[in-house]
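Remarks on the structure that follows.
All chains are named by letter (A, B, ...) in the order of the sequence lines, taking the proteins before the strands, and each is independently numbered beginning at 1. Side chains included, hydrogens not; waters and symmetry mates left out as well; all remaining heavy atoms used. Keep in mind the model is a prediction, meaning the values are calculated, not measured.
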Protein chains: 2
Amino acid sequence: MRSNTQLNGSTRERILGTAYQEFRQHGFQGGSINRIVASAGITKGALFHHFSGKNELGYHVVDEVIRPRVEEKWIEPLKRTDDPIRTLRQILYKAAETARVDLCQGCPLNNLSQEMSPLDEGFRTRINAIYDAQRTAIEAAFRRGIAAGLVRKSVNPERAAAFIVAALTGMTGTAKTAQCRELLMMASEGLIDYLDSLKP
Amino acid sequence: MRSNTQLNGSTRERILGTAYQEFRQHGFQGGSINRIVASAGITKGALFHHFSGKNELGYHVVDEVIRPRVEEKWIEPLKRTDDPIRTLRQILYKAAETARVDLCQGCPLNNLSQEMSPLDEGFRTRINAIYDAQRTAIEAAFRRGIAAGLVRKSVNPERAAAFIVAALTGMTGTAKTAQCRELLMMASEGLIDYLDSLKP
DNA sequence: CTATACATACCAACTGGTCGGTTTGCAAGA
DNA sequence: TCTTGCAAACCGACCAGTTGGTATGTATAG
């Protein structure tokens, strides 16, 4: 009976998915290995067979669960556009739609980032690599935007990218604390104002 | 010999200060009551005499330690200015100077906010009250700035305040994860660009 | 037969919190 | 001034429960 082992995805993947949700809900330190194995319907033997410890499990959640999601939503759309302002606008609108769930628990990457970056270098480098990829994608898009005449020449792409990534994480963070969708919309409009100020 | 009881401040104050540093280093969930009493040089009896539990202790750290610091640094200077753009610039410069310590561990308020807001309503409301005060102060300053002709009339003060607070928290957060002072400076310049775009 | 993939029972360490008792500060009464 | 009384402040041993982690056993696939 290898039933659910192969039916609901491999055990490893189920562990990763359950751990992702556990850490999302309780944070990494507050997250419990015991709860993970319980709600995944497996045992500690299985978990520690696939992952050497809690930290290692967390690292793989970042690399294999969180990173792909962030890349799909926030990075990929920017890689081929020549109009970063328009594309960022679109991403913002799409994010605002799905914000009902995220509003309560915030961006999983940002949560882990704030909690674990100062405590564990393994987390910090992995998380920062994702933010770095995002910044690089935005910066490159702005360079293309300038070349295409869709962004003012005087704009500093690196500076804009650093500011935009910071603003995005801050927006989800403050909205989570306020638990107020309107605040998220308000800040989004502020970001859009900024983006528009970069037009030629 | 009531020595250090009165010499180094009251026991209650020492607990608050030590707890503040403990939660700052390890987060609230990761913070340990045992470590707090040990490094404060007191006992559990004393701690639980002054505070009814860990949560209650955390609440008082927010209200009595964190809040005054935030108000002094980030809110008070805005309350009397007619030129919010200039004042925010000054605050940014001053914050950038002291960023050496904060760069590693980030803004204590933001840390607690991201960790505890989704988990505990008591934390969430207290923390959000501080951010709300900051937003209100910025908004009011922008209104006065508009009246004084130092800010464009077309600027929406509420929107700008929401965006600026979000950007500020995001900047310290991303800088903490990157552990990179230059990134903080870069994002700060981005914010200053935005602020300048609000001038008449 | 061997290696992988689990399951089970168990561990020391630590968690937040409690509780009976002791010390200390201070005010009132003689 | 000395004594008595009392409450707040504080101590530290102890608690049940949980933590991440391990050692051993077993089933199964190749």
Side-chain angles (χ1 to χ4, degrees), chain A residues 1-62 64 112 115-116 119-120 122-123, chain B residues 1-62 64 112 115-116 119-120 122-123:
Chain A
M1 258 201 298
R2 65 229 191 87
S3 61
N4 59 12
T5 301
Q6 293 296 349
L7 281 179
N8 309 352
S10 71
T11 301
R12 200 188 120 93
E13 280 168 351
R14 282 181 53 204
I15 296 174
L16 282 175
T18 311
Y20 167 73
Q21 292 182 331
E22 171 76 10
F23 295 149
R24 183 179 165 82
Q25 276 186 25
H26 301 92
F28 179 75
Q29 299 187 98
S32 160
I33 296 284
N34 292 327
R35 270 200 302 261
I36 290 175
V37 300
S39 65
I42 56 155
T43 61
K44 279 197 183 180
L47 193 150
F48 280 91
H49 172 72
H50 287 284
F51 305 94
S52 64
K54 194 187 184 186
N55 276 15
E56 205 68 31
L57 174 59
Y59 296 164
H60 281 91
V61 166
V62 172
E64 301 181 36
L112 257 185
E115 181 186 4
M116 295 308 296
L119 297 180
D120 185 282
F123 274 106
Chain B
M1 257 201 299
R2 61 226 193 88
S3 62
N4 59 13
T5 299
Q6 292 297 348
L7 282 179
N8 308 351
S10 71
T11 302
R12 199 188 122 93
E13 280 167 352
R14 281 180 54 205
I15 296 174
L16 282 174
T18 312
Y20 167 73
Q21 292 182 331
E22 171 76 10
F23 296 148
R24 182 180 166 82
Q25 275 185 25
H26 301 92
F28 180 75
Q29 300 187 93
S32 161
I33 296 283
N34 292 326
R35 270 199 303 261
I36 291 175
V37 299
S39 65
I42 55 153
T43 60
K44 280 197 183 182
L47 192 149
F48 281 91
H49 171 74
H50 287 285
F51 305 95
S52 64
K54 194 187 184 188
N55 276 14
E56 207 66 31
L57 174 58
Y59 297 163
H60 281 91
V61 167
V62 173
E64 300 181 36
L112 257 186
E115 180 186 4
M116 295 309 294
L119 297 180
D120 186 282
F123 275 105

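Using a distance-only test at 3.5 Å, with no hydrogens or angles considered, no donor-acceptor pair links the side chain of A/E22 to the main chain of A/I33.
OP1 or OP2 of D/dA9 sits under 4.0 Å from a side-chain N or O of B/H49. Taking 4.0 angstrom as the limit, B/S32 places none of its side-chain polar atoms (N or O) nearer than this to OP1 or OP2 of C/dC14. Phosphate contact (OP1/OP2 of D/dC10, side-chain N/O of B/T11, threshold under 4.0 Å): present. Dashed line: the shortest gap from a side-chain N or O of B/H50 to OP1 or OP2 of D/dC10 is under 4.0 Å. Close to C/dT15, at under 4.0 Å from its OP1 or OP2, lies a side-chain N or O of B/N34.
When rounded to the nearest whole Å, the span between NZ of B/K54 and C1' of C/dT18 equals 17 Å. In this structure, the CZ atom of A/F51 is 11 Å from the P atom of C/dC6, given to the nearest Å. B/I42 has its CD1 atom 19 Å from the P atom of C/dT23, to the nearest Å. Rounded to whole Å, the distance from NE2 on B/H26 to C1' on D/dT19 is 16 Å. Atom C1' of nucleotide D/dC11 and atom CD1 of B/I15 are separated by 13 Å, given to the nearest angstrom. When rounded to the nearest whole Å, the span between CD of B/Q29 and C1' of C/dC14 equals 16 Å. Rounded to a whole Å, the CD1 atom of A/I33 is 15 Å from the P atom of C/dA7. Across the protein-nucleic acid pair, B/F48 atom CZ and D/dC14 atom P stand 18 Å apart, rounded to whole Å.
Within the nucleic acid shown, B/G30 has no heavy atom closer than 4.0 Å to any nucleic acid atom.
Ring pair A/Y59/A/F123 is perpendicular by interplanar angle, where above 60° counts as perpendicular and below 30° as parallel.
Of all the heavy atoms in B/L47 and B/I15, the pair that sits closest is CA-CD1, 3.8 Å. Across all non-hydrogen atoms, the minimal contact from B/S39 to B/T18 is OG-CG2, 3.1 Å.
Put simply, the side chain of A/L119 reaches to within 4.5 Å of the side chain of A/Q29, judged on heavy atoms.
Between atom CD of residue A/Q21 and atom CZ of residue A/R35 there is a gap of 13.0 Å, rounded to the nearest 0.5 Å. Atom CD of B/E13 and atom CD of B/E64 lie 8.5 Å apart (nearest 0.5 Å).
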Anything under 3.5 Å between a protein N or O and an N or O of nucleotides 8-11 of chain C, put it in a table, one pair a line.
none

